[in-house]
Structure formats: structure tokens, C-alpha cells
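Notes follow once the structure below has been shown.
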Amino acid sequence: MTEMPKTYDFASVEERLYQWWEENGWFKPETRPPDAQPFVISIPPPNVTGELHQGHAMFVSLEDLMIRRARMQGRAALWVPGTDHAGIATQLQVEKMLLRTEEVTREEIGREEFIRRTWQWKEKYGNYITQQLRRMGASCDWDRERFTMDEGLSRAVREAFVRLYRLGLIYQGEYLVNWSPGLQTAVSDLEVEYNEEPGYLYYFNYPLQEGGHIPVATTRPETILGDTAVAVHPEDERYAHLIGQTALVPILRREIPVIGDTYVDRAFGTGALKITPGHDPNDFEIGRRHHLPIVNVMTKKATMSEAAGPYAGLDRFVCRERLWADMQAAGLTIRVVDYTLNVPRSQRGGEVVEPLVSRQWFVNTEPMAKLALAAVHSGRIRIIPDRFVKVWDNWLQNIRPWCISRQLWWGHRIPVWYCAACGHKTVPLADPTTCEACGSPHIEQDPDVLDTWFSSALWPFSTLGWPDQTPDLARFYPTDVMETGYDILFFWVARMVMAAGLFTNDIPFHTVYLHGLVRDGDGQKMSKSAGNVVDPLKVMDEYGTDALRFTLLTGSTPGNDMNLALPKVANNRNFANKLWNVARFIVNNLDKAASTAIRNTQYALRPTPADQWILARLDEVITTANRLFDTYQFGEAGRQVHDFFWADFADWYVELAKVQLAQAGATAYTTLSVLRYVLDQCLRLLHPYMPFVTEETWQQLKRAFQSAAVGIAPAGGWPDALIIADWPAAGLTAAERETYAPAAVAFERLRELVRAIRATRAEQGVEAGRSIPAILVAGETAAFLETQRPILAFLARLDEKALVITGQATTPDKALTISLGDVICYLPLAGLMDVEKEKARLSKELADLDRQIERLTTLLAGDFTQKAPPAVVEREREKLSRLQASQAQVSGRLAEIS
RNA sequence: GGGCGCUUAGCUCAGUUGGUUAGAGCGCUUCGUUUACACCGAAGAAGUCGGGGGUUCGAGUCCCUCAGCGCCCACCA
């Protein structure tokens, strides 16, 4: 027998239990019965070289919660773990490392070597993040761990690309894309963020060849050099007559047409628009409509190109100033006004993204988007919270081609080989040696890699073996829940649903649960620059994993951001300690019982009113918690159990159990059984939230129970571990519920009485330790209270020998009066009582009662009785009658002492 | 321009079929080590549930409207 220490020491528990669970194979669906219904979650793969942050902590907590509950419900729970190669992020990290440690750039060591070094880096640091997920208690099946660039997943990527290509859904073309000059790669629309920043709107005159000019405004003068038209609205009286004339690009004096297009907003700026198809998405569209040439005045480094004439080689922003100065000298400028710009910046790195025409690969996502829309509309996929359905629809209905090529080295190489001889593109499943069209061996693979999200889109099925029809794929796909942050709804969730529809002809999961962002305690976004990052590892070091998990789980609601405040975590650490200490009390008593007469005695269970009350409450809580779990209200479910455990079980039942245990025999036996049962059920309910403290505590309970052999064992016996124990279901029979109900109600009354006595004592300054006499005039309740005499005395600190419980009305002289419906309690405090003060107190109480009676009388005289449900009306009527009883007592008492 | 969320006690937040006198934790006040726990217990103070209007017997909860804060999508030079 090991003595339980006074304080729960999470540090000595967590790692040991995690290893024990894993060694026993409990994270694997195979250790459940073979016919068990699967429950599957694919992990949102963290960046392979990333470090644990609160976003990870949040998803681990939520997903592990679902997985653990499903496992306890007897399902074959499978949580598939893995990591993402994270193209840009990882490449940048390795580049930085090479520069720092060896002072070499990736260009210097070459592509092949760079990739080799990146793999090395991945092998070295790749398990940091998964170790940290373990630390959170994640019960993933690590034997099934995957990596987006492992062999199997690479094959899935190849398969997907080739199929899309053959369906004509992947194509290559010269389009205006978001170009990141620093990263030297294209990025997708989703990877661009727009920020409002102060800037200028430049007004100037566009000279016409025939003489005269058109005034034009722009925010980016440097793009003037790439203009290929000036557009006006065809119905604009000011300018319509100029359509068809020729304008001259300032400084360069290149000839461009004046065109008419209804896109032009006559009210904005000067009402005339310069058109730069090479550097603006709208102009690109207009250019296509009018078959305008594209002049690219910038290089991929965002410096000016040869087409910029005298400005070639200048940085884009330097060119802006230089050109404007030259135009000013030429008398073309009008004025410059302050203007708020919406500047596109790269999500990674923050540099200004340049719209640039380049040759890229795209996916035509429209057909797949239709599948994704239908999946949600048909109800086959449910999004929680459902307001995100609107966001989903909006994005998918207006979906645009997805730019999937990246000019990076780290990632899945685009599986297209160009033939030097005939120009044919070979797009095969296996690497080719010759052109499939002409057989030439002179073929070269496309240098680009795929957007990281391309492989992520396949994740739920690629991790289970797709494209092969593996046993795992057959058994575990489609998965059940996709739990992730709402910020990657488009990046990831939508694309998975699209890909699954096309490649597996199925939905990838039936439920999407979206969590919010974790902010700091003051609601600020956590960031290194703000210095307010709450490191989950440090939090776990200080407060324990369970405290962090419980805080994240009960402090958040689906789709809403949460603030993580350390005092909350501390409080939940205290909760873990509370669990521990309640268990400690029960374990101690079981151990004590092992050497008493009740050992091995098979008493019949004889639940007292208090037992019946706590059992009925527990049943209620189990029912409520299960309803909340089933509707994905995990936070509320956790709070309900927390409140029940602390406020009902620990504060009341455990206290009064001390009295019942002292009574020995059947009462003590029953009390021990009830204590064990309620604790056991609570540990089960809380295990998905706080896996460590519940398991450790439960093992103690099991050990003590088995060695004491006192009380009733769990219905299903004692399984090896809580992690695989049965999930609680409401256990009372209808008959029991009916029998327990009156006792439960009576006990609630007793609780009120105790509270009232305590409050009065405190108010009157009676020393907390002093036992005082009391007279309870209780009418019909007297008999019940008589049975609860020791509990009442113990909880309210009454002198049991001087406690009078009677059905007869008596009126002591100098006594404080507490009135609760049909029960009146006198505390004869002869020496202490101040009659005037007591009169004032009773008068105040009477006024209070009058006010409430008034309110209820009015309520019950109106339409309420006809229109409200009978049960609600009945409840109000009962309340009124209790208030009236109290009123009579208080006013009577007031008359007596006056 | 379109859409969404939030606004409840000093602070951080719960409150999902509308139904007691609106809850918790922290903080604050007073008391207390009685056979688990001071990472504790008992008692208490503290809220016109953002403003206004409406539906209803009844609204923190549903509808309309206004205001403040925040987010997403689109990207008019």
C-alpha cells in the first residue's frame, strides 16, 4: 500500500502513465474488440520542424477528448498522427541554419545537396513536435504515424496529380499570380494578406498623340511604364470622344490606345484609368477583353526590367520616386493626395507581394467545389458551429483557380517531364526515362514543387493507404471528425472535402469541428513581437498537463477565440488536486475499513436520503454531460462535471459521509459504496479532459477497493485501466429514480437549512468552532429532520444534545429566527442576541418576502396560469405557498419579540 | 462593398429547444486548520445581461434597429 501524498504531484505521474498506456497498446484500435465500430480522427499535421504552441495544445486537447471518450464507449478509436513537410517554412528554416552555421546559401550548395540537408534536419528535429504532442497526453496510434513526404504519401500525391492532369483539371499557363520577390516563388491567393496602410494617390496627365491629355490617377506610378492602354467609361461625356485615339506613355513615349470599358468608375479619381495588364489583376482582365499586350516592367526580384527603359535595374519603390520626379519635370503631374492603400503582403515574411505574370500550374477547382458544396448542403457533412456554412458557401461558390506550383526545392516535385525533342509533356505515375510521345531520352522534369496544401488535401485517405485499397482504408475511411482551427477552413478543410469527393467518391469525415484562436489573458493575439506568448510547455511544467487541457477545453466554445489566462490554469491545477484529495479521503477510508468489522460483510445497500440525493444528482449530471458531448458542447459538459464534483460531491456529500461512516454497519458500508461509485463515475467523465490525474487516482481507488473488499464493485468489474474503462451512462432505473426523488428534494431542503443557519451564525458573529443549541419547529418535516439529526448537527455546527426537533409550535424568548417555508429554526443565543438588531433583520426579511409574494401573486393572477405550461405554473404556486408560510412565521415572530 | 462574431459582477468568461430572484473563477470583505485538500473550507458585498424598439403570459436567450470592438471574404485605379 502506497500512501497518497497530500498534494497531487503531476510531474511524477504524466510520463510514466503515458508510457504505460502506450506499451499496453491502448492507443491502438486493435486492442478493442474486433467488431467495435471505428471512430477516427486524422490529426491536423503540424509542421515537422515546428514547436508546440497553444494552437497545437488546443487541437490536441479537443481531439484527444473525443478519441478518449469514444474509446471508453467501446469504439475502435483511431487517431492517426503525422507531420507536414511545410515547404516554405522548413526551407526557410534550413536556409537560415546553413547561413548561420556554414555561411552558405542554398544556391551555393545546389538543389540535391540542399534537399539532402533538409532531410537530415527533418530527421534530427522532426520528432520534437511529436514528443510535445505526447506530452499533452495525445493518445495517437504512433505505429500509424505518417509524414507528408514519406514514400506512401508521395505516391498518393503523384497519383492525385496524374489523375487531375488526365481529367484536364490541372493546366499550365501564363497568368498574373502573387509573386513573393524575397521568397522568389509564386504563392496562392490564400497566402496573401491585405493591410490598410497610408500612401498616396498620384494624379497626372496622360499625353495624347493628337495633342491634349487625359487626367489619370494611380497609387503605383512605377506601373505607368507597363501601361498598354488608357481606359474611360464609354458613356462618359468628358472622355468618350477620345476612345480610339492614341496616348503616349510618359517618358517612354510608347504608343497605346485609349479604350472604352464599363469597368471604369466615372466617379473615382479622374474617371480615367491607366491599364497595366502585367501588374494588376483587374487590368489583366481588361487587357484580355481588349487583347492588349502585356508589358512586364519588373523582374522576379521586384526590380525594374529592360522594358522600363531608363529605369531598368532600379528597385520598384525607388523607381516610383524617380519616375514621378521626371514626370514632374516634364510637366505631366497634377497633384499627389494622401490615400489609404490596401497593400498585399505575403503571409510569410510580410513583404509586399507583386502581381506578376508568370508560367505556373493551376488546378481548376470548380468541379470539385461543387462536390464540396453538395456534401455540406445534403447534410452529409456537418460544420460546427454552423454559421461557418455561410463562409464555406461563399468561398466555394466564388472559387478561383488554385495556383499549385511553387518555385521552391523542398516539397513534392511536379511530376511533369518536358521533351526537348518534341515538346510533349509526360505526366506519368512512375518516373520516366523517355518521352511518352516521341521516345526521346532528352526529357527534363519541371523544377517546381507543389504547394504544401496539395498533399494536405489528401491527408485523411492518404494516411490510411490510398491509392491502395488497404485494410485500414477499408475499415477506417471515411473518418469521423475533422477538428481544426477556423483559420484553415479554406486552406485545408475545403480542399480535403474537394479531393475526397474526386478521388474517393466519398466524404472524408462527417463532422467538421472548428475551434477558435488562443489569445493571451487580455485577449491580445499572441506573438513573439508582442512578447505575450504563453508557452504551453512552460505552462505544463508549472501547472501540469491536465490543468492546461481542462482550461483550454472548458474555456472555449466552438468557433470562438479564447483568452488563456494563467490564473485559470492555476485554478484547474487546484481542481486536479481536489480530485486527488477526495480520492485520498475515500482511499483512506477504504483502507481503514479493511481492518474493521464491515470487511467481507455483505450488507444490503441501504441508501440514506443523502445517498439518494447524490446518486440522483450524479445521474442527472451523467445524462446532461452525455447530451452535451453528443452535441459537441465539450466546454459546458466539463463545467457541469466540475461543478457537480466540487460543489455537490466534495463540499457536501464527502462532508456528511464522515457522519455516515461513523455509524458503521450497513450505513457505513453503503456510504463507502456510494463514495466509490460517485468518484469512479466522475473520474470516468473527467478522464477525456484530465487523463493523467484521473488515471492515477483511479488506480489508487481500484487498489484500495480490491484490498479492502468493501462495498460494491463497478458493474463491469475492474478493467486494467481507466483509459479503457466503460463510459458512464445514466444508471438509475426508473423505479430508483422515483424512489430517490423525494429524498433528493428533502435533502435539498436540508441543505438550504444548513446554509441559512451558517449565514445567520456568521452574521451574528458566533465563533465558527462553537456548537450552539437550536430548536426546529418543522411540522411534517420534523420526522425527516429527526433522521438527519447527526448530519444536521455536524454541518451546521449545532450542539446535538441541545437540538430540539419538534412538530409542535414553540416560541422561545431570546432566539434568532430563521424561516424556510414550513420549517422555522430558532437559535437561542440569550447572551449574544441584540433584540433591536434582530427586529431590523426580520423586518428586512419580511419586506423581502412581501415583495416576492406581491410579484408572484400578480403573476399567478394573470394570463400566466392559462398560457404557461402546467409544470411551470405549479412550480410558481409551490414557491408562493412556501413564501407565504415564511411570511406568516416571520411576521408572527416579529410581533412576539416586539 | 459583402458576410460573421463579440458587448453579462472590478477582471476573464459560462449561460443551445425563451420558464425560479442571471452563474463560475480570479480579485475584494469577514471568519476558520472540525478525521481529503490552505492548490482548502464557511459566510458576504458586487450586475439597468451595450442603447432603443418589438414579439410573448414570460426575453440575457427570438426579431428589428443603432453604437462600439474584432474577424473573414472581395480588392476601384
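Sequence lines set the chain letters: A, B, ... in the order given, protein chains first and strands last, and positions in each chain run from 1. Predicted model only: the values in this text are computed from it and were never measured.
Between A:L517 atom CG and B:C69 atom P there is a gap of 20 Å when expressed in whole angstrom units. Whole-Å rounding puts the A:I586 CD1 to B:U35 C1' distance at 15 Å. Rounded to an integer number of Å, the gap from CG of A:N589 to P of B:U35 is 13 Å. To the nearest angstrom, C1' of B:G19 lies 15 Å from CZ of A:R877.
A donor-acceptor pair is defined here as one N or O able to donate and one able to accept, closer than 3.5 Å; such a pair exists between the side chain of A:N589 and the backbone of A:F585.
Between A:R797 and A:A768 the shortest heavy-atom distance is CD-O, 3.3 Å. Between A:A272 and A:V232, the shortest heavy-atom contact is CB-CG1, 3.9 Å.
Relative to the six-membered ring of A:F649, A:K578 misses at least one condition, a distance below 6.0 Å or an angle of at most 45° to the axis.
Remark: aromatic rings of A:Y689 and A:F575 are distant, center separation not under 6.0 Å.
Regarding contacts with the backbone of B:A77, a side-chain N or O of A:Y339 is found under 4.0 angstrom from either OP1 or OP2. Side-chain N/O atoms of A:R400 include one lying less than 4.0 angstrom from OP1 or OP2 on B:C75. Here A:N571 reaches the OP1 or OP2 of B:C26: one of its side-chain N or O atoms lies under 4.0 Å away. Checking the phosphate oxygens (OP1, OP2) of B:A77, no side-chain nitrogen or oxygen of A:T270 falls inside 4.0 Å. At least one side-chain nitrogen or oxygen of A:N574 sits closer than 4.0 Å to the OP1 or OP2 atom of B:C40. A sub-4.0 Å separation between OP1 or OP2 of B:A14 and a side-chain N or O of A:R639 is absent. When the side-chain nitrogen and oxygen atoms of A:K390 are compared with OP1 and OP2 of B:C4, one or more of them lie within a distance under 4.0 Å. Checking the phosphate oxygens (OP1, OP2) of B:G3, no side-chain nitrogen or oxygen of A:N394 falls inside 4.0 Å. For B:C76, the OP1/OP2 oxygens have a side-chain nitrogen or oxygen of A:Y263 closer than 4.0 Å.
Among the nucleotides B:A42, B:C75, B:A36, the one closest to any side-chain atom of A:N342 is B:C75. Of the candidates B:C39, B:G41, B:C76, the closest approach to any side-chain atom of A:W646 belongs to B:G41.
When the C1' atom is compared between B:C6 and B:A14, the two are found 14 Å apart, to the nearest whole Å.
Using a 4.0 Å heavy-atom distance criterion, A:D280 is classed as making no nucleic acid contact. A:A868 comes within 4.0 angstrom of a base, heavy atoms only. Among the heavy atoms of the strands lying under 4.0 Å from A:D863 are primed sugar atoms or P, OP1, OP2 only; no base atom is included. Within 4.0 Å of A:T7, counting heavy atoms only, lies at least one base atom of the nucleic acid. Note on A:E636: only backbone sugar-phosphate atoms sit closer than 4.0 angstrom, heavy atoms only; bases stay farther off. Among the heavy atoms of the strands, none lies under 4.0 Å from A:E763. In this structure, A:D651 reaches the sugar-phosphate backbone alone: every heavy-atom distance under 4.0 Å involves primed, P, OP1 or OP2 atoms, never a base.
Side-chain to base pairing of A:K578 with B:C37: one donor and one acceptor N or O lie within less than 3.5 Å of each other. Interface remark: the A:K658 side chain does form a donor-acceptor pair with the B:A36 base, using a distance-only criterion of under 3.5 Å. Side-chain N/O atoms of A:Q640 and base N/O atoms of B:A24 include no donor-acceptor pair closer than 3.5 Å.
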Give the intermediate values and the outcome of side-chain contact (heavy atoms from CB on, under 4.5 Å) for residues A:T697 and A:Y8. CA-CA 9 Å; A:T697 302; A:Y8 170 60; 5.6 Å; no
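Under the Watson-Crick and G-U wobble criteria, each requiring two contacts below 3.5 Å, nucleotide B:U29 is paired to B:A43.
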